[in-house]
Protein chains: 2
Amino acid sequence: MTVPTGRRERKKAATRQKIADTALRLFLERGYEAVGIREVAAEADVAVTTVFAHFAAKEALVFERDGDFEQRLTEAVTGPAGREGLVPALKAEILAQVRHCTAEGAAPIWQMIDDSPALREYEASMRERHAESLAAAIAAGPGRDRSATAGRTLARFAVEAFALAREAADPEAAVDEVFRMIEAAWEAAGPSGS
Amino acid sequence: MTVPTGRRERKKAATRQKIADTALRLFLERGYEAVGIREVAAEADVAVTTVFAHFAAKEALVFERDGDFEQRLTEAVTGPAGREGLVPALKAEILAQVRHCTAEGAAPIWQMIDDSPALREYEASMRERHAESLAAAIAAGPGRDRSATAGRTLARFAVEAFALAREAADPEAAVDEVFRMIEAAWEAAGPSGS
DNA sequence: AACGTAACACTAACGGATAGGGTTTTGTAG
DNA sequence: CTACAAAACCCTATCCGTTAGTGTTACGTT
């Protein structure tokens with residue numbers, strides 16, 4: 001084991017990035033459903049099977065950074081901020097993600113997602129995954145004094161807050177409003193003895 | 001316009017039911033993914049195109065009564081009970097649906113759903129649809145004194161309560177617990193002026 | 001220098017979904 | 001009673017996402 005980042009890993013990452021970039025460009029140019037996988041592969045100069053070696057499905061080409069979002073969510077809860085105040089830490093992270101997704105330049109991508117049933121469906125199941133791993137982090141960390149159901153409920157509500165805010169006219173204000181409700185819900189869950 | 005329920009409508013409904021029944025039987029016998037649409041069509045003695053004329057997708061064969069659930073949800077809110085107490089009315093309806101889905105005989109179906117990623121994904125996007133129509137009903141009816149975001153949040157949380165309860169060890173107790181949290185969240189949303 | 005393996009390519013196929021076009025059944029109006 | 005329009009259905013062919021099977025190349029290791 002020489003260096004941990006050999007040429008092989010760099011080439012693999014480059015191939016993955018080239019596929020994702022090519023796909024996103026084609027999708028934005030001509031529409032998500034109008035572009036086929038075979039076309040993406042040809043334009044990126046790889047085989048179709050290589051595309052699926054890097055991405056589990058066509059929709060995953062659009063949500064390329066999915067893993068980062070999931071990791072940041074759980075880290076917000078297990079990190080120092082999460083131990084101080086669970087709900088405020090969650091709110092801060094969701095707010096950051098909402099800001100990132102409503103930032104300049106991201107609008108066409110989310111427009112495309114909203115226009116495609118397949119992408120909306122994929123995003124919904126993605127949120128379910130995020131909620132599950134977030135629930136595990138809450139149960140293992142700062143949510144130990146609540147019931148399992150309460151923790152899982154908080155996790156679901158938090159990821160739904162993201163979706164609700166993204167659809168709202170004023171996303172950042174919506175994060176405030178929804179998290180006021182979540183805070184109250186978490187209070188009402190009370191300590192586990194309740 | 002003689003009678004509103006002519007032979008044509010009855011035959012159509014019969015065909016639809018026969019397809020759904022055949023599909024569910026085959027799915028339970030040999031597994032959802034192991035049975036193809038062509039097979040369902042052959043066994044039901046119809047053409048493949050006819051299957052898709054009645055059901056938008058393969059997954060819809062499993063969630064045949066989807067429309068009923070959605071309608072009952074909105075009616076719980078727009079009906080007399082909804083005007084008395086919005087959240088209690090929602091809770092009662094969700095509890096009824098949870099009871100229905102955990103009743104004797106339904107277990108194998110939900111086991112099959114939990115085992116199939118495609119069905120789980122479809123269910124997630126179904127809930128999103130339910131939440132949207134529920135949000136519309138709330139906004140038009142008893143939720144007029146709250147903000148649009150608050151109403152949409154309540155709608156999402158209510159349909160998530162169903163999913164959370166179904167996954168819990170004690171579904172009915174989970175409905176209680178989650179709706180205590182939802183009630184607090186709805187209180188915190190306050191009247192629109194807040 | 002030789003070997004094991006990870007990354008990739010090619011071919012072929014499977015299964016869900018749809019379009020095009022034709023046939024029967026049903027409701028209705030003349 | 002008949003004629004007609006539309007609904008429901010069938011058949012065929014095809015597209016598209018996805019995967020299996022089978023090599024081939026290039027990298028890392030020994």
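Here is the naming used below: chain letters follow the sequence lines, and residue numbers restart at 1 for every chain. Computation of the quantities below employed the complete heavy-atom set of this structure, encompassing side-chain atoms and omitting hydrogens, waters and symmetry-equivalent molecules.
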*Quick one: pull up CD1 in A:Ile182 and CZ in A:Arg156 and give me the separation to the nearest 0.5 Å.*
13.5 Å

*In sequence, state the C-alpha distance, the side-chain angles, and the governing distance for A:His130 and A:Asp66, and then conclude on side-chain contact (heavy atoms from CB on, under 4.5 Å).*
CA-CA 9 Å; A:His130 292 185; A:Asp66 168 32; 2.6 Å; yes

*Return the nearest nucleotide to the side chain of B:Thr49; candidates are C:dA19, C:dC10, D:dC9.*
C:dA19

*Atom NZ of A:Lys18 to atom C1' of C:dC8: distance rounded to whole Å?*
13 Å

*Does A:Glu132 pair with A:Arg152 as a salt bridge, N-O distance under 4.0 Å?*
no

*Can you list, by residue number, the residues of residues 22-43 of chain A that have a non-hydrogen atom closer than 4.0 angstrom to DNA chain D?*
A:Val35, A:Gly36, A:Ile37, A:Arg38

*Please determine if a side-chain N or O atom of A:His54 lies less than 4.0 Å away from the OP1 or OP2 oxygen of C:dA7.*
no

*Could you check how far NZ of A:Lys12 sits from C1' of C:dT5, rounded to whole Å?*
12 Å

*Select one nucleotide: of D:dC11, D:dT18, D:dG28, the one nearest the side-chain heavy atoms of A:Arg7.*
D:dG28

*Considering only NZ, NE, NH1 and NH2 on the basic side and carboxylate oxygens on the acidic side, decide whether A:Asp114 and A:Arg166 come within less than 4.0 Å.*
yes

_Which nucleotide in D:dC10, D:dA8, C:dA7 has an atom nearest any side-chain atom of B:Val46_ = D:dC10

_Distance below 4.0 Å between B:Lys11 side-chain N/O and C:dT25 OP1 or OP2_ = no

_Can you measure A:Leu61 atom CG to D:dT18 atom P for me and round it to whole angstrom units?_
9 Å

*Could you state the atom-to-atom distance from CZ of A:Arg10 to C1' of C:dA6 in whole Å?*
16 Å

*Calculate the interatomic distance between A:Glu121 atom CD and C:dG16 atom C1'; express it in whole Å.*
13 Å

*Residue mapping more 5' on DNA chain C - nearest nucleotide basis, B:Lys58 or B:Arg8*: B:Lys58

*Between D:dG28 atom P and A:Glu9 atom CD, what is the distance in whole Å?*
8 Å

_Applying a 4.0 Å non-hydrogen cut-off, can you work out what A:Ala53 is touching in the nucleic acid: base, sugar-phosphate, or nothing?_
nothing

*Applying ring pair (Phe, Tyr, Trp, His ring centres under 6.0 Å) between B:Tyr32 and each of B:Phe27, B:Phe63, B:Tyr122, report the one that passes.*
B:Phe27

*Looking only at heavy atoms, what is the nearest atom pair of A:Glu39 and A:Val35, with distance?*
OE1-CA, 4.0 Å

*Closest nucleotide among D:dT18, C:dC10, C:dT26 to the A:Val48 side chain*: D:dT18

*Do A:Glu177 and B:Ser147 come within less than 4.5 Å of each other through their side chains, counting heavy atoms only?*
yes

*Taking OP1 and OP2 of D:dC9, is either one under 4.0 Å from a side-chain nitrogen or oxygen of B:Thr15?*
yes

*Rounded to whole angstroms, how far apart are CD1 on A:Ile19 and C1' on C:dA9?*
12 Å

*Roughly how many Å is it from OH in A:Tyr122 to C1' in D:dT18, rounded to a whole number?*
14 Å

